[in-house]
*Asks:* 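There's a structure below that I have some questions on.
Proteins come first, then strands; the chains are lettered A, B, ... in the order of their sequence lines, and each starts at number 1. Excluded from the calculations below are hydrogen atoms, water molecules and symmetry mates; all remaining heavy atoms, backbone and side chain alike, are included.
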There are 2 protein chains.
Amino acid sequence: MTTQDIEPTRAPASAGQSPTLEMVAARAGVSRATVSRVVNSSPKVTAEVVALVQNAIAELNYVPNRAARSLASRKTQVIALVVPESAAKVFDDPFFASVVQGVALYLADTDYTLNLLIASETKSDKTRRYLLGGNVDGALVVSHHSGDHSYTRLGQQLPIVFGGRPINPETAEGHYVDVDNVAGARVATQRLIERGCRSIATIAGPQDMPPGIDRLAGWREALASAGIDDSLIEYGDYSPDDGAEAMRRLLARGVPIDGLFTYSDQLAAGAYSVIREAGLTIPGDIAVVGYDDDRYASTIDPPLTTVNQAPTAMGAKMAEIVVRLIDGEEIDTATTMPTKLVVRDSA
Amino acid sequence: MTTQDIEPTRAPASAGQSPTLEMVAARAGVSRATVSRVVNSSPKVTAEVVALVQNAIAELNYVPNRAARSLASRKTQVIALVVPESAAKVFDDPFFASVVQGVALYLADTDYTLNLLIASETKSDKTRRYLLGGNVDGALVVSHHSGDHSYTRLGQQLPIVFGGRPINPETAEGHYVDVDNVAGARVATQRLIERGCRSIATIAGPQDMPPGIDRLAGWREALASAGIDDSLIEYGDYSPDDGAEAMRRLLARGVPIDGLFTYSDQLAAGAYSVIREAGLTIPGDIAVVGYDDDRYASTIDPPLTTVNQAPTAMGAKMAEIVVRLIDGEEIDTATTMPTKLVVRDSA
DNA sequence: ATGAAAGCGCTAACAC
DNA sequence: GTGTTAGCGCTTTCAT
């Protein structure tokens, strides 16, 4: 009676060490190679053998060791999601949080594992090394400053996709998926025009990054094709306070305004309070359309008409693209996601 | 002239394959074992040799291969962050998003890598297997439903820490770090009392999970020690809309209310609008204190007095604890993080 | 303090 | 279709 015989037929999800492929092979009475084939669903294995092996796997509760697999196959099955710390606020930003969610959700259905990396600027080359050190099969980079794309160069050595169009597409390496900011802003502004607004202002965003530039451009396009003046521009950064100040400056110009498009919902929220302070109503006196469709857009009073960017879809798309890139597919450098106008009460 | 001789003295951050430990050894003129020791900062290596090796490493731009290292050392250096999909909205929730951020930030300074896992309920045992299959050294679980702690049993087999107290601490396995919801709610309510409120209502949260239970308890404690009646309770779930409805019910009771504590800022936002509709002022007629200190708390009008939970600190703490657990330290099962009252204009 | 050698658990030719 | 046999790049006794 050998040790083998003593082993219970149904090994309990048991004890100490994880079962190895070799143990599965022994139990199924086949070679390790065959087990490996079954695990990797190779087509050339008899159905009977497959069943045999799968039983053994189930009985032993076998799980392949990733490190060993990766070492032997020279594939890591991991995809890094790099979040530059400057944009560490990513998680403060519902948009990015959702992108991350989309990525994770997509990858959950694949054999890839998601590696979340916060790349502080001070050790950005620790990150760089990590990425190029053969520790990941591909990378995703999300950042506010799609402008600074400091990881841009990695594109040549590793499948990588950026969230957001680089400031300078011709110059950048790698793929990116972007939201169609121009179209989003155009449609938003058109909504104002269709409503009858004829003096339409905008609180634009930072002009040193693509979204800011594109949304302003979309606003201009819409006004241009309606023959409306486009000089009512003030800039805001991020917070509602910025929006409030910009709105004050707009009102201070003394020219009547009946429509407002803002770079973000947050900016719109700030503008709301100033409009009210001025004794004006929304949308009665000034109709407003925001951008982002963030959590509070439907909450503020009146509920804000805004542009939805489907961030989880964007995240999923980014993930899908790296995976295909890893598989060697050729893919367009740019992928643009559509936006959708969400009409509520403010315009 | 061998291939060796052809190799340039300063290998450019170059080409195809990543340099291996063996290449470093060759260049430094030592054995692989020594290089390994240097890489792992073993104490017993001569300073000179260390320098030699480090030069070689720098010149070759060597990065250890994680898979190989992990296979040989039987450690993965990976920590999983499990986000049950039910709570997939985690990322919609700024609180959780920040916890994730805290975890990532903490781990960025260690040699651990963060594995983000979305565990859908349908394949929760795919996740379970993955975790127990020796693919990670430890796990972090964040969830709204800390009640269902379905990963609770893993605690025996893997270092694991939960975000949020389990519904039933005695029953649960594993460590957890929780925010002191009782104290947070108590202090918030005391603020109302100190302000002179004597008829204090609450819009409580779901009573099937710890935070909901604890915050309601904290409210009760405060009222009890001030001898104030504690029957003005209505429940809300998550959204501002829930808050609005709850507020309506509260007002419909016909009893005057001069103070309100809500389970969340979102609920408070909803209550705001109803209070206004009723022609009441904040904080004049009704002072309100929220909970979470989320992004909009300072934005709404009037800026909301609320309770800040320092979620990134909580995330960092969770990460710190798994790491110490992995290192074999003994740690208290429960860790409680403090909260802070943020006074603004609403109370 | 350093080197030699034996694996870690798996995949991938290559043979049969 | 299945088994044999080398490694993948690193850590880790065990000598020296």
*Asks:* Using the closest heavy atom to pick a nucleotide of DNA chain C for each, name whichever of B:T34 or B:S73 lands nearer the 5' end.
*Replies:*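 Residue closer to the 5' terminus by nearest nucleotide: B:T34.
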*Asks:* Looking at B:R69, I'd like to know whether one of its side-chain N or O atoms comes within less than 4.0 Å of OP1 or OP2 on D:dG9.
*Replies:*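 Answer is no, no contact under 4.0 Å.
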*Asks:* Please determine if a side-chain N or O atom of A:N40 lies less than 4.0 Å away from the OP1 or OP2 oxygen of C:dT11.
*Replies:*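 Yes, because at least one side-chain N or O of A:N40 sits under 4.0 Å from OP1 or OP2 of C:dT11.
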*Asks:* Quick one: which of C:dA12, D:dT2, C:dA1 gets closest to the side chain of B:T46?
*Replies:*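 Looking only at side-chain atoms, B:T46 lies closest to C:dA1.
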*Asks:* Extract from the structure each pairing of a protein N or O with an N or O of nucleotides 5-7 of chain C at less than 3.5 Å, listing the distance.
*Replies:*
unit_1	atom_1	unit_2	atom_2	d
C:dA6	N6	B:R32	NH2	3.4

*Asks:* For D:dC10, does OP1 or OP2 lie under 4.0 Å from any side-chain N or O of B:S36?
*Replies:*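 Checking B:S36 against D:dC10: no side-chain N or O falls below 4.0 Å of OP1 or OP2.
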*Asks:* Check for a donor-acceptor pair, side chain of A:D137 on one end and backbone N or O of A:I79 on the other, with a separation under 3.5 Å.
*Replies:*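 Flag not set: sc A:D137 to bb A:I79 has no pair under 3.5 Å.
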*Asks:* Just the rounded figure in Å: distance from C1' of D:dC8 to CD of B:E22.
*Replies:*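 Spelled out: CD on B:E22 to C1' on D:dC8 is 12 Å.
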*Asks:* How many whole angstroms separate atom CG of B:L21 from atom P of D:dG9?
*Replies:*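 These atoms are roughly 11 Å apart.
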*Asks:* Can you measure A:R66 atom CZ to D:dC8 atom C1' for me and round it to whole angstrom units?
*Replies:*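 About 17 Å, once rounded to whole Å.
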*Asks:* If we ignore hydrogens and angles and just use 3.5 Å, is the side chain of B:N65 paired with the main-chain N or O of B:A67 as donor and acceptor?
*Replies:*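 Looks like yes, one N/O pair under 3.5 Å.
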*Asks:* Could you please name the option among D:dC10, C:dC10, C:dC14 that lies closest to any side-chain atom of B:P64?
*Replies:*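 Ranking D:dC10, C:dC10, C:dC14 by closest atom to the B:P64 side chain puts D:dC10 first.
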*Asks:* Tell me whether the side-chain N/O atoms of B:R74 come closer than 4.0 Å to OP1 or OP2 in C:dG9.
*Replies:*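 Indeed, a polar side-chain atom of B:R74 lies that close.
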*Asks:* Mark yes or no for whether A:R66, through its side chain, and A:Q77, through its backbone, hold a donor-acceptor pair below 3.5 Å.
*Replies:*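 Yes, because the side chain of A:R66 sits within donor-acceptor range (under 3.5 Å) of the backbone of A:Q77.
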*Asks:* Counting any heavy atom closer than 4.0 Å, what does B:V35 reach on the DNA or RNA strands: base, sugar-phosphate only, or nothing?
*Replies:*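 Nothing, no nucleic acid heavy atom in range.
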*Asks:* For C:dA4, take OP1 and OP2 only and decide whether either is under 4.0 Å from a side-chain N or O of B:S31.
*Replies:*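 No, no such contact exists.
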*Asks:* Just the rounded figure in Å: distance from C1' of D:dG9 to CG of B:N65.
*Replies:*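 One finds 6 Å between C1' of D:dG9 and CG of B:N65, rounded.
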